[in-house]
Structure formats: C-alpha cells, structure tokens
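Worth saying up front: this structure is predicted, and the values here are computed from it rather than measured. Each chain gets a letter, A, B and so on, in the order the sequences are listed, and its residues count up from 1.
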2 protein chains.
Amino acid sequence: MLKNTLCNIGLFKDCGDSFFTNLAAGAKSHKYNKGKILFLHGDKGDNFFYVQSGWVKLFRETLDGTQAVVDIFTTGHIFGDTAIFEDGIYPYSAEIVESSEIITLPIAPLKEEIANNSKFAFSMLGSMAKYRRQQDREIEHRSIQNASQRIGCFLLRLLQQNEDGQVQIHLPYDKMLVASRLGMQPETFSRALKKLQNETGIRVKGSTITMDDCNQLVRYSCAACTSEFPCKDISSAAE
Amino acid sequence: MLKNTLCNIGLFKDCGDSFFTNLAAGAKSHKYNKGKILFLHGDKGDNFFYVQSGWVKLFRETLDGTQAVVDIFTTGHIFGDTAIFEDGIYPYSAEIVESSEIITLPIAPLKEEIANNSKFAFSMLGSMAKYRRQQDREIEHRSIQNASQRIGCFLLRLLQQNEDGQVQIHLPYDKMLVASRLGMQPETFSRALKKLQNETGIRVKGSTITMDDCNQLVRYSCAACTSEFPCKDISSAAE
DNA sequence: AGGCTAACTTGACTAAAATCAAGGTTACAC
DNA sequence: GTGTAACCTTGATTTTAGTCAAGTTAGCCT
C-alpha cells in the first residue's frame, strides 16, 4: 500500500528496500481541504512531504502580510526536504490550495539514504539541479516577459503533459492563485489574459482554455524566452 | 600550489586526497580580461570552474539578443558544475566582467567523488539547497521590492562581508551590470539610486557608497522582504 | 430556489519602470 | 595631453502594472 506508493516515486528509483521500510514506518497519509496550513517558514520539523494528489502552495510572507509565492506543487512532487540542510527549519510556508492527499514522511531515513546510497544522492543532486534551472528560468521570465507572455508560458507548460492537435487546458487552481504564482495582481492577470486572447486566438471560458493549435501561443510567449519550445526542463514529478 | 588552493575550497572540505590529486591533474589556471566569454549556454564541456579572483557573469540570451543575468559570482564560487546533470551541457553562458583568475577543473573527478564520498555528496546537496533559497529570495524580491529597495538590499549584502560602524561600500563592477543583475534598466538604476540617497541618507560618489550606519538602509529595504536582517543565507563562497 | 460569499472582471486612476534621446563624465589608448 | 569609447545621468514620454472602487459571476449552503 503506502510502501508501494513510495517505491514508485521516481526520485527514489535507486533506493534500497530498507530505506522504503524505514520511510514507510514513519509515513502517514492525510487528506486536507483547501486552506490548511501544513507549516510556516521558520517552523522546525522532522518531516518532509509527498504530494499524492492535489495542489500545495509554498510561500513566504513579510511582516506586513505581503505574500510571495515560491512555487505550487502537485502530484509526484516532494517538499520540505531541504530542511535537512537547515537544522530542520522549513524555508517556506506550505498551504493546501486544492483538496489534497499528502504523505508525511520522516526526514531521518532520507538523510541516512543520502549518506549510504550514492546513487540516490546523485538523483537528489540531479533533482536539485533541475529545480535550479527552473528557477533561473522563472527569474529570467520575470525580467524579460510581460504579463501576457508569462501567462502564455504558464499555459504551455500545462499543455505539455497532454497531447497535440485541438488543445484544451483546464486551470488546475484559482485564477487568483495563478496570478500570484506568476507574480502579478489578479486584476493584471484578468486583463493580460484578455489581451492574450486577442493576440493569439485562444478561447477562455471560466477556467477552461481552448485553442486550435498552440503555435500562435508559442510564437507569442516563447519569443521572450531564452529556451526553445518545447521546454526540456518540464517535470511532472520531482525526478 | 594549485592543489593547495583546491584543498582550501570550503565545498571540498570532506574530500579525500586522491580527489584533489585527480582534480589538480586536470586543472589549469587562467587569467582573463573583461569581456572574455568562457562558454555559451548549450555548449558541451568537460570542465567546471572555480573563481580564484575577479567577477564572472552567468547569463542567457533570447534569439533577439535580450539578456537575462542568472548570477554574478566572485572569489570562492564554482560554476558550470551542474552540467554533470545535463550530459555536459552548460545551462548558461559565462562571461568575465572584471579581470579574473579562473581555475578550470575536470568534471570527471567531481562526479566520481560524489559517487564515492557521501559526505561530499551531502555538502554538494547543502550547497545546492542554499543556492535554491537564494534564488527563492531573488524571485521574491523581484515581486515585492521596488527598484530602490532592491538596490538597498544589494548594497547590504556587499556590506555584510565587512564590519559595522561607519560604512563604506565599493561597487565591485559596473553600475550597468549591477542594474542587469537586479533586473532593471541602467536608467532606472541611476534614478533609483538617487532616490535611495534621498530616502536613506547614503552618499554616492562614483562607485563608492558611504553611510554613517546601515540601520536606515535596513529599515528601507528589508521592510519589503520575508527575511530579517542580517540575512542568514549569505555565502562568501559556494559552501 | 434564494442568498451568501468568494472569485473574477471592469473602469478610472496612479505609480513604476521602460524607452528614446541628449548630454556629461570617466577611463584608457596613443 | 587629446581623443575616443564606454559608462552614466538626466529629461521627456510611453508603456506597463498596481491600486482603488464598483460591479458581475459562479459556486455552495441550506
């Protein structure tokens, strides 16, 4: 059951049986509703987390309450693992943004496995390096893409996981949240999405977006990006 | 000589003697002048690099030449190492921006040492995690700090490496480059720096900045940050 | 179905940063 | 020193995004 789930996590592909046993021994699966805070940045904890289903927002806040979204993760991703390197202190807060099933896992076996299994350590490093590249791109996009282009790019990344031809995308969470994920205000998002419709012929109805093909969108958004479409660094999971 | 230098790199503190021997065997030290391109993103290479002195810009460009600065590194930092995880492809371009001494190192021993020395693998992971946090903060700052606050924050990070009291900061490279590092135009930088003078009483003369104490600057910049001053994640080297 | 709330959109306005176009200033080569 | 080029600043203007306020829509509860 739980152990099986863990064995199928890509990041753990080279891990030994005892690792899974230890991990499963301290594992708990929970279902959470939207709004649930799992931990706050600065909290100390002995667990890391695996998203079995749903969506989780990682964020930080200033004293006056302004929020910066670090990332939003779904099925297949782990988070809270970097606390290993910071004396168990989480570097961000985590909030459930769509009803989710989260597996809570003890951090000690993870640390052990890194120490004892060099293949796994290498996988972890690879995963970190990949994430690092994603963040580089994020920073890049904030400086060279405008609001509409950023939305277009966001849509294209959702689309990748599906097939080509007549394309349909369903926003996985609130538009307000997409806006904050992209570092803009909800009003700006609303207007920029409308502009994107005019420029690229995508059709928006509620949280569903359709288009005949994605070429126009690619031309519009990827023009202001240093990578070529399709972006290679897309991961449906923490691999 | 060279081997000694390598032994003193913090990241390599747990590495064995044979690692240093292999590394040194393939190592070459070079002096480069401003403007020298070390490699371009997409290039394939078998080396990574250590900054012995000077400053190196890592960046990416779109087809139309728009440039996004990934980071700017100085003494003590390594770069190009993440190519290990991408079949030897560098994910960014590297350019010397101030006359520098760079040690070119073979990537094979690095890969081996990760595989054979779990302590080192853990150090690498810690270094990656740290960098990741820095990037999180970078993204955060781009969305919640204005141009002047970003400059203030940049200055405070330079200052950390020195002492307190009457404070003097020397910009380590061109203002234009600082601007691009902070994701703004040179004109915006120039105006924002002037605004910062008015708001915080710092004094700017050429590339030298002085202030009686840094409290006003901290109040001004760190108000729009989720971390508290002094930021804990400052590293003078890749540790 | 009605009513409530939160999500979303729209409009008018403001603020911030980019762009365009001149000028200065500085550093360095000869 | 003189000249030149790159760096930097300043002003005027435009573009972009943020803010504030007022709707509208959509989902959900009873």
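Counting to the nearest Å, the C1' atom of D:dG18 and the CG atom of A:Leu182 are 16 Å from each other. The nearest whole Å value for the distance from the CG atom in A:Leu193 to the C1' atom in C:dA7 is 14 Å. Rounding to whole angstrom units, CG of residue A:Asn146 and P of D:dT15 are separated by 13 Å. Between the CD1 atom of A:Ile151 and the P atom of C:dC8 there is a distance of 13 Å, rounded to whole Å. Rounding to whole angstrom units, CD1 of residue A:Ile209 and P of C:dC8 are separated by 12 Å.
When each of A:Phe49, A:Tyr90, A:Trp55 is checked for a ring pair (Phe, Tyr, Trp, His ring centres under 6.0 Å) with A:Phe79, only A:Phe49 meets the rule.
Checking the phosphate oxygens (OP1, OP2) of D:dT10, a side-chain nitrogen or oxygen of B:Lys194 falls inside 4.0 Å. Regarding contacts with the backbone of D:dG18, a side-chain N or O of A:Thr188 is found under 4.0 angstrom from either OP1 or OP2.
Checking C:dT19, C:dC8, D:dT19 against the side-chain heavy atoms of A:Asp174 singles out C:dC8 as nearest. For B:Met176, counting side-chain heavy atoms from C-beta on, the closest listed nucleotide (D:dC7, D:dC20, D:dG11) is D:dC7. The side chain of B:Arg191 has D:dA12 as its nearest neighbour among D:dG18, D:dA12, D:dC20.
Contacts classified as ring pair (Phe, Tyr, Trp, His ring centres under 6.0 Å) and involving residues 188-213 of chain B (residues at least two apart or in different chains) are not found.
For the residue pair A:Ser29 and A:Glu101, a side-chain donor N or O sits within less than 3.5 Å of a side-chain acceptor on the partner.
The salt bridge (charged side-chain N to carboxylate O under 4.0 Å, His left out) check on A:Arg203 picks up A:Asp212, with sequence neighbours excluded.
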